[in-house]
Amino acid sequence: MSQTNNGYHTPTPDEIACCAYLIWEKEGRPPGRSKEHWLQAESQLTACRAHDGWTEGTRRKPVTPGEGV
């Protein structure tokens, strides 16, 4: 189970592994960079979740076409 950190859940090892795999594939499957990909994935997932938690209370009502902005 993931921990709550400032209102968001930290990524689980399975989520990090999946993201790291996608990064590895996107970079052409280079050998010997698993630790780098893991840390990059962990950082990206954590930043994304922190941002989502930070902006959740600030979401605006969608503007209907034709309404003034």
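Atom CD of Gln40 is separated from atom CG of Leu45 by 10.5 Å, given to the nearest 0.5 angstrom.
Remark: Ala41 pairs with Ile16, Cys19, Ala20, Ile23 by the side chain to side chain contact (heavy atoms under 4.5 Å, CB included) rule, at least two apart or across chains.
The stretch residues 29-46 participates, sequence neighbours left out, in these salt bridge (Lys or Arg N to Asp or Glu O under 4.0 Å) pairs: Glu25-Arg29, Glu27-Arg33, Arg33-Glu36.
Contact of the Glu15 side chain with the Arg49 side chain is registered, since non-hydrogen atoms from C-beta on lie closer than 4.5 Å.
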